[in-house]
Asker: 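This structure is in structure tokens; I'll ask about it shortly.
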Amino acid sequence: MNLDEIRTHISRLDKELLTLLAKRKGLSLEVARSKLENPRPIRDQVREQALLVALINQGRQLGLDAHYVTQLYHTIIEDSVLSQQALLQDLLNPQDEVPAISVAFLGLRGSYSNMAARKYLSRFQATMVEHNCETFQQIFDTVESGQAQYGILPIENTSSGAINDVFDLMQHTSLSIVGELTQPIEHCLLVAVDTDVSKLKTLYTHPQVYQQCSQYLKTLPGVKVEFCAASSNAMELVSNLKRADIGAMGSADGGELHGLKPLVRGLANQKQNMTRFIVVARKPVEVAAQIPAKTSFIMSTGQQSGALVETLLVLRSHHITMTKLESRPIIGNPWEEMFYVDVAANVNSDEMQAALKELKDIVRFIKILGCYPSAEVAPTRIPSRALSHGNGGTLTPPPHKQAAKNAGMPLQIGRFYMSRQEPLLAATLATWPERSALQEAARRLKEHGGQVLAAPCFGQGDSQQEQQRLQQLREIAAQFDLASMTLVHTPEQLSQAAESLDLLLLQPIEGRRDELLNAAGRSTRPVLLPLADNLEQTLAEAEQILTEGNQQLALLDTRSRSLPELLRLQQQSRLPLLSQLQGQDGLLPELGHALKGAGIQGFCITLNDVDDIAPLQQLAQRLYQD
Ligand SMILES: O=C(O)C(=O)C[C@]1(C(=O)O)C=C[C@@H](O)C=C1
């Protein structure tokens, strides 16, 4: 086959894939209707887990790797769940036939609010009429006066926190919250013509974006930064000037609307940069009982001690989970607070009605801001034992909640939890590899059920290169849904690594030991402390970190100490313990298994070469087999 023939073939297959996906969506909507007739919750994670495990195994037989299949199906299932929810909502809240839906948002075409508005309205079969607003107040006015049906407002951001102006405006509005959505914020360097980063002289951006990308910008010392009122203004400007020496910062999708191309992606310091938006309208909506709903309300309590606690106890007594609590001053009433509360409950549910009745008796003021479908479709996770080869696809049920509780709070690394039942598996690359080799290591680690990718980012003396390594490690680990770790020698390295990675392995430089331990104690990232020759010293070091406030601490045995020694240490320190295993030794899987039995909660394997993955694979199989 020549290239054209192959491409024709690929296009035909893609069309078939789309047809099948459309058919699958149709079936998913049929399921939703059946769940409406015989009431059952929309989400069924047991079914999803069984589906994913079966698909991973079928995919493997066809030569597709587990990570690829999982990512693909997370996207498909997320769309399936959201489509089912949207259908139920439409059936419950019939809309008048309208040819166009108008929406008010902050900024111009291409702003993050504009992208959120487009995403939210994409499920309505109507064209969108856009109202560009310059302030949040203007958005409220536009919807209150009926010029727009919906308003889209950012309410919180994972790196900069609550957006107070919006909270304050919600106090006085007659509008209701009818929806929410979370939009990933991926700042990119956008350009209008083919160019190279080295040719750039000026970057146009918004001050908040500049702040969120400060680390990347440090790697471009020769580039001048000019501030604009919004990132959409910066895009418009760069698009009009069409020059090779200027760029804007904003989202790739937003840039596309202005004919800009992303030159570099993922510039933000924080790994996960997301903004949560709320959707407001004049009329509240009703949420179907099968859909996970959220209710938002504001309340003010008296100033007597314990007043807030009492309200929270009411929620607890009705088994209502609070997902957010913010306080804002009441304008005109110094020292009085208004509390904003989000709960995971439908306002019409019996529990919520009962809780509201009790709350009304004990608060000064309470106002429901709205009840709306929760937009969070957390991906169903598959246990490592289902990922590691040699598994027939059967799953043991998750440990009973109480048992997990008794084991104490497990240490969280990225999105993974360390536990005796399912120890953490980390692969440490001995030397910094090429980008493609790092990617291959990540892919293989994921394929075998591992969770943490580690590589040495420091030790070059070239801070720009070290920064680039941190960025690359974080990016590739995230791409394969892994956590990331590196070795840090100094407090400066620790604080740099803590900005990007999930786990910090300490290697104190003699003489600066105290400084590093104190910095680790003040860090908000989990820390891994290698055992010193003298275990008393390790216990003292661990104490120093804990006393400084960081409770996210685990110990690492790098010298294969004897079992009784490790057990004693575990008992004395009460900290999770990991073991570093080396070499091609055929006994490695058995050793790992025995250590797991003794309560070791994680393993680090050093890879001298990316191809040298066999020991890790064998260990994973043995660890996650039963
Ligand atoms: O099987 C169901 O119950 C469905 O609703 C379908 C489906 C899917 O798309 O496969 C969607 C949502 C559920 O959480 C589980 C599976």
Side-chain angles (χ1 to χ4, degrees), residues 13-62 64-93 119-120 122-125 179-182 184 274 285-295 319 321 323 343-346 349 371-387 391-399 401 415 481:
L13 282 182
D14 285 341
K15 199 171 158 205
E16 277 175 38
L17 283 174
L18 288 180
T19 314
L20 291 174
L21 285 172
K23 277 192 187 157
R24 191 188 195 285
K25 196 165 178 160
L27 289 173
S28 156
L29 294 178
E30 262 183 53
V31 175
R33 287 193 189 91
S34 94
K35 285 180 179 174
L36 192 63
E37 277 165 29
N38 308 303
R40 285 176 72 155
I42 287 288
R43 196 94 200 261
D44 181 347
Q45 287 191 286
V46 173
R47 161 73 182 153
E48 285 180 27
Q49 206 175 65
L51 199 70
L52 285 168
V53 170
L55 286 163
I56 286 169
N57 287 321
Q58 287 160 14
R60 274 205 180 111
Q61 284 164 20
L62 297 167
L64 301 173
D65 76 56
H67 175 62
Y68 174 63
V69 173
T70 314
Q71 276 207 320
L72 207 62
Y73 272 88
H74 276 159
T75 309
I76 293 174
I77 290 175
E78 183 187 36
D79 177 71
S80 170
V81 172
L82 289 176
S83 304
Q84 291 192 6
Q85 290 191 4
L87 175 75
L88 257 57
Q89 279 307 97
D90 287 350
L91 292 175
L92 203 64
N93 303 280
K119 185 167 156 185
Y120 185 73
S122 63
R123 65 184 176 85
F124 294 102
Q125 304 294 323
E180 67 164 0
L181 75 157
T182 303
M274 318 267 255
V285 287
E286 214 181 307
V287 182
Q290 289 96 327
I291 297 179
K294 271 193 189 168
T295 299
H319 310 288
T321 308
T323 57
V343 291
N346 191 315
S349 66
C371 174
Y372 45 93
S374 165
E376 284 151 28
V377 182
T380 295
R381 299 291 174 194
I382 312 151
S384 298
R385 71 176 71 96
L387 276 174
N391 168 275
T394 46
L395 292 168
T396 45
K401 266 206 182 119
R415 68 160 190 85
D481 189 24

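These figures come from a predicted structure and were not determined experimentally. When a residue number appears, it is its place in the shown sequence, counting from 1. Note that ligands are numbered from 1 as they come in the structure, with each ligand's atoms numbered from 1 the same way.
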Asker: Are any side-chain N or O atoms of Thr295 and backbone N or O atoms of Ala345, one a donor and one an acceptor, separated by less than 3.5 Å?
Answerer: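 Yes: the side chain of Thr295 pairs with the backbone of Ala345.
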Asker: Could you list the residues that satisfy side chain to side chain donor-acceptor pair (under 3.5 Å) with Arg415, not counting sequence neighbours?
Answerer: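 Expected list: Asp481.
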Asker: Tell me, please, which residues at least two apart from Gln89 pass side chain to side chain donor-acceptor pair (under 3.5 Å).
Answerer: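 In terms of side chain to side chain donor-acceptor pair (under 3.5 Å), with neighbours along the sequence ignored, Gln89 is linked to no residue.
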Asker: If you look at each N/O of ligand 1, which protein N/O atoms lie under 3.5 Å away, and at what distance?
Answerer:
residue: ligand 1; atom: 3 (O); partner: Lys35; partner atom: NZ; Å: 2.7
residue: ligand 1; atom: 5 (O); partner: Lys35; partner atom: NZ; Å: 2.9
residue: ligand 1; atom: 5 (O); partner: Gln84; partner atom: NE2; Å: 2.9
residue: ligand 1; atom: 9 (O); partner: Arg24; partner atom: NH1; Å: 2.9
residue: ligand 1; atom: 9 (O); partner: Ser80; partner atom: OG; Å: 2.6
residue: ligand 1; atom: 10 (O); partner: Arg24; partner atom: NH2; Å: 2.8
residue: ligand 1; atom: 14 (O); partner: Asp44; partner atom: N; Å: 2.8
residue: ligand 1; atom: 14 (O); partner: Glu48; partner atom: OE2; Å: 2.5

Asker: Can you confirm whether more than 12 heavy atoms, excluding those of Tyr73, are under 6.0 Å from its OH atom?
Answerer: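 Counting neighbours around OH of Tyr73, 12 or fewer heavy atoms of other residues, nucleotides or ligands fall under 6.0 Å, so no.
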Asker: What pairs with Glu180 under side chain to side chain donor-acceptor pair (under 3.5 Å), at least two apart in sequence or on another chain?
Answerer: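 Result, side chain to side chain donor-acceptor pair (under 3.5 Å) vs Glu180: Arg276, Lys294.
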Asker: Checking Gln84 against Ser28 for the side-chain hydrogen bond (donor to acceptor under 3.5 Å, both in side chains) test, could you report, in this order, the C-alpha distance in whole Å, the side-chain angles of both residues, the deciding distance, and whether it holds?
Answerer: CA-CA 7 Å; Gln84 291 192 6; Ser28 156; 3.1 Å; yes
